[in-house]
Amino acid sequence: MDEGSQLSLDVSGLPGKIVAGSGWHTFTLTAANHSEQAIGTVQWLAAVDNDSMSDDENDWLSTYTQLEFLNPETKEWESLADELGNGLYFGETELKAKETVAIKLRLNISAKAPVGDGWAIGLGGYVDAEKNCIHSAYAEYDFTVLKPGSSNENPGEAKPGKGDKPPAGGKEPQGGAKAIPPTGSLATTGSSSMLPTVGLIGGVAVVVGAGAIYTVRRRTKGVGAGSDAA
């Protein structure tokens with residue numbers, strides 16, 4: 001969370017170990033406005049990938065991953081992917097004082113995916129009209145991809161990562177972002193202990209017109225197409 005931001009993010013329910021080809025896995029991106037004032041429209045990004053710096057997209061976890069969010073209006077799962085792939089600005093929420101929102105997400109990692117370390121990130125950003133600046137919050141959780149057919153009786157839960165690599169890329173999806181309504185509120189005193197602050201990656205948001213463009217960790221590349229997930 002940046003120094004001036006009142007927004008915090010947390011990821012819960014994501015397995016610590018996922019067997020490639022094992023189907024859908026559901027998790028939740030939770031956000032909270034800790035301030036006594038409305039912060040306006042917060043825009044969301046989520047992405048799944050690995051840290052491969054290879055130029056070959058076949059080495060990227062994102063190439064073999066489908067990522068979807070549950071549309072709260074239609075109750076249908078919708079893909080985050082557009083022509084640039086998964087992990088783009090996909091929804092927005094008007095957050096008033098002390099309000100929270102829980103965004104349901106799920107991922108499916110193809111049996112063809114590279115095994116090893118992977119990560120999931122969630123980002124949220126909003127415009128501070130009074131200070132004429134952008135505030136952002138960032139959460140990264142690390143997990144391990146196991147080879148198809150592996151035993152995974154105790155997958156555990158993904159752990160917070162360091163988030164120490166700068167981002168690049170990202171844009172709003174075609175058709176505009178889906179409105180995701182708040183789902184709860186914080187107590188009037190104190191803060192929520194279940195929403196730890198996770199280190200911010202610098203420069204995660206750039207305002208273009210009426211929308212914020214959020215960025216993912218891969219330095220010079222867009223995220224993968226996700227078309228090979230099965």
Side-chain angles (χ1 to χ4, degrees), residues 1-16 25-35 37-49 67-70 72 80 86-107 118-128 133-143 157-167 169-170 172 177-187 190-206 211-217 223:
M1 187 163 65
D2 69 53
E3 185 175 348
S5 177
Q6 297 298 327
L7 185 69
S8 65
L9 297 183
D10 179 45
V11 171
S12 61
L14 181 66
H25 299 273
T26 303
F27 61 103
T28 303
L29 174 65
T30 305
N33 171 16
H34 292 271
S35 74
Q37 298 179 339
I39 60 176
T41 301
V42 182
Q43 298 168 331
W44 309 113
L45 178 149
V48 172
D49 211 340
L67 188 58
E68 298 183 344
F69 78 101
L70 184 64
L80 272 64
N86 292 342
L88 307 175
Y89 160 40
F90 68 90
E92 56 188 25
T93 303
E94 291 281 343
L95 280 182
K96 298 179 182 178
K98 299 294 184 179
E99 281 191 329
T100 64
V101 59
I103 302 170
K104 297 294 184 182
L105 298 164
R106 68 177 185 177
L107 63 85
W119 46 259
I121 62 171
L123 296 109
Y126 62 96
V127 176
D128 186 331
C133 63
I134 298 166
H135 292 307
S136 305
Y138 170 87
E140 174 192 334
Y141 279 68
D142 296 339
F143 62 93
E157 191 158 338
K159 302 298 183 182
K162 294 181 180 180
D164 57 354
K165 295 191 178 182
E172 179 183 356
K178 298 297 192 303
I180 301 173
T183 52
S185 63
L186 299 174
S191 61
S192 172
S193 61
M194 72 174 185
L195 293 169
T197 299
V198 181
L200 170 75
I201 284 184
V204 295
V206 178
I213 295 178
Y214 297 108
T215 58
V216 295
R217 280 177 50 172
V223 290

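Computed from heavy atoms alone, side chains included, the values below leave out hydrogens, waters and symmetry copies.
- Residues Leu14 and Leu107 meet the side-chain proximity criterion, which asks for heavy atoms closer than 4.5 Å.
- Thr28 meets the side chain to side chain contact (heavy atoms under 4.5 Å, CB included) test with Ser12, Thr30, Ala102, Lys104; sequence neighbours excluded.
- Here the closest heavy-atom approach between residue Ala38 and residue Asn33 is recorded as CA-ND2, 4.2 Å.
- Among all heavy-atom pairs drawn from Leu105 and Ala46, the shortest one is CD1-CB, 4.1 Å.
- At least one side-chain heavy atom of Gln6 sits less than 4.5 Å from a side-chain heavy atom of Tyr126.
- Looking at Leu9 and Tyr138, their side chains never come closer than 4.5 Å, going by heavy atoms from C-beta outward.
- Here the CG atom belonging to Leu67 is positioned 5.5 Å from the CZ atom belonging to Phe27, to the nearest 0.5 angstrom.
- Distance check, rounded to the nearest 0.5 Å: NZ of Lys96 to OG of Ser35 gives 13.0 Å.
- Looking at heavy atoms from C-beta onward, Glu140 lies out of side-chain contact with Pro160 at the 4.5 angstrom threshold.
- The structure places OG1 of Thr100 at 11.5 Å from NZ of Lys98, a figure rounded to the nearest 0.5 Å.
- Side-chain atoms of Trp119 and Asp49, non-hydrogen and from C-beta on, do get closer than 4.5 Å to each other.
- Within a 6.0 Å radius of CD in Gln37, no more than 12 heavy atoms belonging to other residues, nucleotides or ligands are found.
- Lys159 places no side-chain N or O within donor-acceptor distance of the main-chain N or O of Tyr141, the cut-off being under 3.5 Å.
- With sequence neighbours left out, Glu94 forms a side chain to side chain donor-acceptor pair (under 3.5 Å) with Thr41.
- Side-chain contact between Ile39 and Leu7 is present, with at least one heavy-atom pair separated by less than 4.5 Å.
- Taking both residues in full, the closest heavy atoms of Pro15 and His25 are given as CG-ND1, 3.9 Å, listed atom of the first, atom of the second, then distance.
- Closest non-hydrogen pair, Leu29 versus Leu45, comes out as CD2-O, 4.5 Å.
- Going from atom CH2 of Trp44 over to atom OG1 of Thr93 covers 5.5 Å, rounded to the nearest 0.5 Å.
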